[in-house]
Amino acid sequence: MEPALTNQLNNAFTLFLSLLVEAIPFLLLGVLFSGVLLGFVDERKLIARIPRNPLLGALAGSLVGFLFPVCECGNVPVARRLLMQGVPAPVAIGFLLAAPTINPIVIWATWTAFRDQPEIVVLRVVFSLITATIIGWVFSTQKDLRPLLQPAIARAIPLPKPDFSETQLLTAETPSLLQSGTFMLGMPGGAVPIESLLQDNWKPLQTDKTEKTSKPSSLFHRLSKERLRLLLDSMVQELRELGGVLVVGSAIAAIVQVGTPRELILNLGQSPVSSILAMLLLATVVSICSTVDAFFALSFAATFTSGSLLAFLVFGPMIDIKGIGLMLSIFRGRAVIYLMVLAAQLTFLMTLAVNLYLG
């Protein structure tokens with residue numbers, strides 16, 4: 001084997017391992033948040049408090065990312081859980097696209113890297129919010145998102161329901177077995193959704209006064225263990241599915257990055273248009289975690305335009321090879337293409353305006 005090829009393979013393997021080491025902690029964090037949503041968030045209350053307006057819903061979903069400090073590896077399991085809990089598509093998609101950038105860790109890292117260019121920090125946050133909100137709003141025109149989802153996700157999300165107020169959602173008397181979901185039979189009070197066993201406020205129907213003052217029975221202890229087991233099983237299954245996709249995506253990203261001649265990309269960095277296109281391509285290929293991508297972009301600050309640096313910082317956390325693989329665990333291929341095209345177009349237009357009007 002030729003030495004040059006050997007060096008390329010070694011570099012690709014080293015990059016592959018570095019991508020995994022960088023991404024796995026955030027994937028674990030995302031799976032943990034996903035488990036928290038499953039076990040401790042009542043989806044009826046969550047849905048009732050979300051703005052009904054698609055544009056406001058997409059904006060709310062984008063801003064929720066500030067509360068969940070996860071990168072583009074960790075946001076996918078959380079977004080998938082939101083969809084499976086019946087959260088409207090604009091909210092989940094807004095979170096999916098904005099969370100890797102709109103969180104305190106990434107904002108702080110960007111400020112550290114571009115302390116001398118504060119406009120880069122501000123415009124990164126603003127452009128990311130605008131892009132995520134608009135794309136989430138565009139997807140709201142698809143009344144039923146199921147045709148765009150993977151079959152397993154489409155089967156798991158609740159059936160579309162008419163709009164209700166919060167009180168109606170929480171007091172609806174629909175017979176249990178007529179509702180979607182998986183139910184446990186033979187429980188006190190009749191059939192009980194398995195999801196409700198994961199909620200802290202679930203209690204079996206009291207039959208007399210003595211039961212109200214009695215000590216917790218073995219049933220409660222059994223349910224507590226069952227609740228923990230279901231949470232752990234869900235998290236392990238999600239980690240297994242997304243972890244496999246992450247490994248494949250990281251391998252592809254490493255191979256493409258090592259095989260792409262960087263000199264070609266650098267030569268394109270002088271033009272307002274070609275520099276943006278080059279950095280969009282670079283952001284897709286290198287698949288750097290959003291918590292450290294600002295330092296990578298800083299290395300191009302001397303040769304690339306400000307707009308192209310923003311294109312890298314806005315588009316990369318939303319769409320890269322590693323993230324595309326993870327998105328395919330939620331969406332069908334055509335939906336991922338829609339997301340890529342919309343994100344690229346919006347990022348290109350906004351960053352081109354920066355190059356033309358701000359220099």
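In this chain, residues are counted from 1 in sequence order.
- Under the 4.5 Å side-chain criterion, counting only non-hydrogen atoms from C-beta, Val354 is in contact with Phe127.
- With hydrogens and angles ignored, the 3.5 Å screen pairs a side-chain donor or acceptor of Ser329 with a backbone N or O of Leu326.
- Contact check for Ile102 versus Ser62: no side-chain heavy atoms found under the 4.5 Å cut-off.
- Cluster annotation: Val314 is connected to Leu356 through the hydrophobic network of ILVMFWY side chains, with a link wherever side-chain heavy atoms come within less than 4.5 Å.
- Of the possible donor and acceptor atoms, one in the side chain of Gln150 sits under 3.5 Å from a partner among the backbone N and O of Phe331.
- In this structure the side chain of Met318 reaches within 4.5 angstrom of the side chain of Ser128, judged on heavy atoms.
- Taking each heavy atom of Gln117 and Ser306 in turn, the nearest pair found is NE2-OG, 4.0 Å.
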Determine, stepwise, if the pair Tyr338 / Val138 fulfils side-chain contact (heavy atoms from CB on, under 4.5 Å).
CA-CA 10 Å; Tyr338 296 156; Val138 168; over 6 Å; no

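- Between Phe296 and Phe312, the ring center distance clears the sub-6.0 Å criterion.
- The heavy-atom pair separating Pro51 from Leu56 by the smallest distance is CB-CB, 3.8 Å.
- By the 6.0 Å contact criterion, CZ on Phe13 is open, its count of non-hydrogen atoms from other residues, nucleotides or ligands being 12 or less.
- Ile130 is not listed as a side-chain neighbour of Leu346, based on a closest heavy-atom distance of 4.5 Å or more.
- Minimum interatomic distance between Gly307 and Asn355 (heavy atoms only, all atoms of both residues): N-OD1, 2.8 Å.
- In this structure, the side chains of Pro90 and Trp137 stay at 4.5 Å or more apart for every pair of heavy atoms.
- Cluster membership check: Leu349 shares its hydrophobic cluster with Leu313, using side-chain heavy-atom separations under 4.5 Å among Ile, Leu, Val, Met, Phe, Trp and Tyr.
- The distance from the CD1 atom of Ile276 to the CG atom of Leu280 is 7.5 Å, given to the nearest 0.5 Å.
- Shortest non-hydrogen contact noted between Ala79 and Ala92 is CB-O, 4.1 Å.
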side-chain contact (heavy atoms from CB on, under 4.5 Å) for Thr131 and Met350? Distances and angles first, verdict last.
CA-CA 9 Å; Thr131 302; Met350 290 186 293; 3.0 Å; yes

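- No donor-acceptor distance shorter than 3.5 angstrom exists from the side chain of Thr347 to the backbone of Phe315, with no hydrogens or angles considered.
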Derivation and outcome, side-chain contact (heavy atoms from CB on, under 4.5 Å), residues Ile324 and Val336
CA-CA 7 Å; Ile324 290 171; Val336 175; 4.0 Å; yes

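- In terms of hydrophobic clustering, with Ile, Leu, Val, Met, Phe, Trp and Tyr side chains grouped at heavy-atom distances under 4.5 Å, Leu310 and Val126 are assigned to a common cluster.
- Atom CE of residue Met327 and atom NZ of residue Lys322 lie 11.0 Å apart, to the nearest 0.5 angstrom.
- When atom types are taken as modelled, the side chain of Asn75 and the backbone of Leu96 share a donor-acceptor pair closer than 3.5 angstrom.
- Smallest separation of non-hydrogen atoms from Ala89 and Leu83: CA-CD2, 4.3 Å.
- Considering only heavy atoms from C-beta on, Phe95 stays 4.5 Å or farther from Val87 through its side chain.
- Taking each heavy atom of Ala283 and Gly316 in turn, the nearest pair found is CB-CA, 3.6 Å.
- Put simply, the side chain of Val106 reaches to within 4.5 Å of the side chain of Arg124, judged on heavy atoms.
- Summarising the geometry, atom OG belonging to Ser140 is positioned 10.5 Å from atom CG belonging to Leu145; distances are rounded to the nearest 0.5 Å.
- With hydrogens and angles disregarded, a donor-acceptor distance shorter than 3.5 Å links the side chain of Thr351 to the backbone of Phe348.
- Residue Thr110 holds its OG1 atom at 12.0 Å from CG of Leu123, rounded to the nearest 0.5 Å.
- When hydrophobic clusters are built by joining Ile, Leu, Val, Met, Phe, Trp and Tyr residues whose side-chain heavy atoms come closer than 4.5 Å, directly or via intermediates, Tyr357 is grouped together with Phe304.
- The line from CZ of Arg80 to CG of Leu149 is 11.5 Å long, rounded to the nearest 0.5 Å.
- Val341 is not connected to Leu339 by any chain of hydrophobic side-chain contacts under 4.5 Å among Ile, Leu, Val, Met, Phe, Trp and Tyr, and they are in different clusters.
- Taking CG of Leu63 as the reference point, atom CG of Asn103 lies at 12.5 Å (rounded to 0.5 Å).
- Counting only heavy atoms from C-beta outward, the side chains of Leu15 and Ser18 approach each other to under 4.5 Å.
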